[in-house]
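Throughout, a chain's letter reflects where its sequence line sits, starting with A, and its residues are numbered from 1. Small disclaimer: the values here were computed from a predicted structure and weren't measured.
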Amino acid sequence: MGTVSKKFFQDKNIPRVARSLLGNVLMRRYRGETRAYIITDVEAYDGPRDKASHAYRGKTARNALMFGEAGRWYVYFVYGMYWMLNMVTGPKEYPAAILIRGAMAVRSPKFLGLGNPIAKWQSDCLSGPGRLTRALHIDKSFNGQCARPENGLWIEDWGIKIPPRAIRKVPRIGVSYAHEWAQKPYRFVVDPVVRERRG
DNA sequence: ACGATGATGAAC
DNA sequence: TTCATCATCGTA
């Protein structure tokens, strides 16, 4: 329970960290209002050999954060329109990050911390990394920030457990250029059907 | 299936 | 300095 700290993200097993992030809660404070989003869709970008990763061709001005300390946001711009929200993960100098692709908005902040089953929360789905950052007003100003409440964007553990059979391991999106790495099941999604059934 | 829309990085 | 590409999305 409580704010997820740097230590959680320092694990060298990046796919494992990505998977454990499902069910954690992305928190956003914007113009005096705090909103909560249960993370349902993530992708792991794992180390210098991952051909799908920005870090594959070495350190550059854009990706330098991926080589730095875990627990900071890595936010970059793609396709002339969209901001991608990533959490820097892994040991220092090991370039890795987790892209947050989807979440469920918790409608009623009154449920904060009550441990209600996930199915009983009235919520809206945010599907797609570009839609998510647009909805949360996330832009480059978060790049390099620590994930802490003071910075307006952080992650909390509410003790929500996603049953293993509700998690689909599938290939990552939009990385067909990555050859054999494109097929690796580094995307973790909470299956919406199972999510409804189980609660 | 394709266009919007601009940063990035590699080539020249 | 040019140029292809891009961890996407909305419309068709």
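- Put simply, CG on A:Asp139 and OH on A:Tyr82 are 15.5 Å apart, with the number rounded to the nearest 0.5 Å.
- Side-chain proximity of A:Asn86 to C:dG10, C:dA7, C:dT8: nearest is C:dA7.
- Taking every side-chain heavy atom of A:Arg57 into account, B:dA10 is the closest of C:dA7, C:dG10, B:dA10.
- Atoms OH (A:Tyr177) and P (B:dT8) sit 15 Å apart, rounded to a whole Å.
- Side chains of A:Tyr74 and A:Met84 form no contact here, defined as non-hydrogen atoms less than 4.5 Å apart.
- Going from atom CG of A:Asp139 over to atom P of B:dG6 covers 15 Å, rounded to whole Å.
- A close approach under 4.0 Å does not occur between any side-chain nitrogen or oxygen of A:Tyr82 and OP1 or OP2 of B:dG6.
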Original post:
What's the verdict on salt bridge (charged side-chain N to carboxylate O under 4.0 Å, His left out) for A:Lys51 and A:Glu180, showing C-alpha distance, side-chain angles and the deciding distance?
Top reply: CA-CA 8 Å; A:Lys51 290 183 181 166; A:Glu180 75 273 18; 3.3 Å; yes

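- Within the 4.0 angstrom heavy-atom criterion, base atoms lie near A:Met81.
- Listed by residue number, the members of residues 60-80 of chain A with any heavy atom below 4.0 angstrom from DNA chain C are A:Met66, A:Tyr76, A:Tyr79.
- Atom CG of A:Leu132 and atom P of C:dC9 are 9 Å apart (whole Å).
- Note on A:Arg187: nothing from the nucleic acid sits closer than 4.0 angstrom, heavy atoms only.
- If you measure from atom CG of A:Asp50 to atom C1' of C:dA7, you get 10 Å, rounded to the nearest angstrom.
- The shortest side-chain heavy-atom distance between A:Leu85 and A:Pro129 does not fall under the 4.5 Å cut-off.
- Whole-Å rounding puts the A:Arg101 CZ to C:dC9 C1' distance at 11 Å.
- A:Arg62 pairs by the salt bridge (Lys or Arg N to Asp or Glu O under 4.0 Å) definition with nothing, not counting sequence neighbours.
- Remark: the backbone N or O of A:Trp83 is paired with a side-chain donor or acceptor of A:Thr133 at under 3.5 angstrom.
- Put simply, the side chain of A:Val189 reaches to within 4.5 Å of the side chain of A:Val170, judged on heavy atoms.
- The interatomic distance linking A:Met87 (CE) with C:dA7 (C1') rounds to 16 Å, in whole Å.
- Using a 4.0 Å heavy-atom cutoff across all strands shown, A:Ile173 reaches sugar-phosphate atoms only and no base atom.
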Subject >> Nucleotide pairing, DNA chain B (Watson-Crick or G-U, distances under 3.5 Å), in dot-bracket with [ ] and | >> reply: ||||.||||||.

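- With distances taken from any side-chain atom of A:Arg131 to the nucleotides C:dC9, C:dA7, B:dA4, the minimum falls on C:dC9.
- Using a distance-only test at 3.5 Å, with no hydrogens or angles considered, no donor-acceptor pair links the side chain of A:Arg134 to the main chain of A:Gly130.
- OP1 or OP2 of C:dT8 has not a single side-chain nitrogen or oxygen of A:Arg172 nearer than 4.0 Å.
- Side chain to side chain, A:Glu156 and A:Trp154 meet the donor-acceptor criterion of an N or O pair below 3.5 Å.
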